[in-house]
Amino acid sequence: MELYNYLFSLLGRQAWWPADSPFEVAVGAVLTQNVSWKNVEKSIETLKRKRMMSPQAIAKAKLSHLESLIKASGFYRRKARTLKELSKLFISSGGVGEFFEGETAELRKKLLSIKGIGPETADSILLYAGGHLIFPVDNYTRRLSKKFGICSSQNYEAIRQCFEMELPKDVEVYKEMHALIVEFCKRFKSEC
DNA sequence: AACCAGGAGAGAG
DNA sequence: CTCTCTCATGGT
């Protein structure tokens, strides 16, 4: 894909989303909804410091307590409930690793059934935490798609399949592409 | 001090 | 399906 080569030569490798565990990635995906990553880092640090960064700990924590720990990343009332539901899903699947052994489409449905997890968050979790071959479409991707005329439709699924069609079927490329788009739009706001 | 940030849900038209 | 409102904190 031309856009990928252009962004990569412009910005270099992003090596996005360093985390201690796939669960931490999933938590970050929920917390970052419509909020800058800087806010999310605070909440993640707090959760780790309080030894709350595990499905078991979050699943059994008091809702009000969990809310106070993630307050810094906004929308904390809904995000706390979402994190508890997500944790329960992982636990009932036998663990985070076991959950991601399932089929992509099936896992996607399970994630989308949780209130507070929409298409982009579900796909980000599948790609960055689970290593599944699926491309997340955020607002930046929509804008670039529109500006460069990459896809005719603005529908989420259409754009997703459009990018998946043009990109090499490689999880690392998907991860880089999504990160490159976000970094490009952050650095060149006027272009995006 | 208004504006936006790595969205999602609910409701209306 | 598209548009609009709400959710909430923290940085410019």
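Below, all heavy atoms of this structure are taken into account, side chains as well, without hydrogens, waters or symmetry copies. Here the structure is a predicted model, which means the values were calculated and not measured. Below, chain A is the first sequence line, B the second, and so on; all start at residue 1.
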Practice task
Write down the distance separating the P atoms in dT4(C) and dC4(B), rounded off to the nearest Å.
Solution key: 15 Å

My understanding is that only residues two or more places apart in sequence, or in another chain, count here; which of them pass side-chain contact (heavy atoms from CB on, under 4.5 Å) with [X]?
X        : result
Thr46(A) : Arg49(A), Lys50(A), Leu69(A)
Asn5(A)  : none
Lys38(A) : Ser36(A), Glu41(A)

Residues 69-82 of chain A vs salt bridge (Lys or Arg N to Asp or Glu O under 4.0 Å), sequence neighbours excluded, gives none

Protein-proximity profile, nucleotides 2-8 of chain C, B/S/- by nucleotide at the 4.0 Å heavy-atom cutoff, equals -----BB

Mutual orientation of the aromatic rings belonging to Tyr6(A) and Phe184(A) [parallel < 30°, tilted 30-60°, perpendicular > 60°]
perpendicular

Closest of dG10(C), dG7(B), dA5(B) to the Asn139(A) side chain is dG7(B)

Asn39(A) has its side chain closest, among dA5(B), dA8(B), dG10(C), to dG10(C)

| query | Hey, is CE on Met1(A) packed in by over 12 heavy atoms from elsewhere, all under 6.0 Å? | reply | yes

Using a strict 4.0 Å threshold on nitrogen-to-oxygen distance, state whether Glu120(A) and Arg108(A) make a salt bridge.
-> no

Under 5.5 Å between ring centres and under 30° between planes: true for Trp37(A) and the base of dA5(B)? no

Residues in residues 108-117 of chain A with a heavy atom under 4.0 Å of DNA chain B, by number, are Ile114(A), Lys115(A), Gly116(A), Ile117(A)

*asked:* For a ring-ring contact (aromatic ring centres under 6.0 Å, His included) check, start with the C-alpha distance between Trp16(A) and Trp37(A), then their side-chain angles and the critical distance, and finish with the verdict.
replied: CA-CA 12 Å; Trp16(A) 231 26; Trp37(A) 185 251; 7.5 Å; no

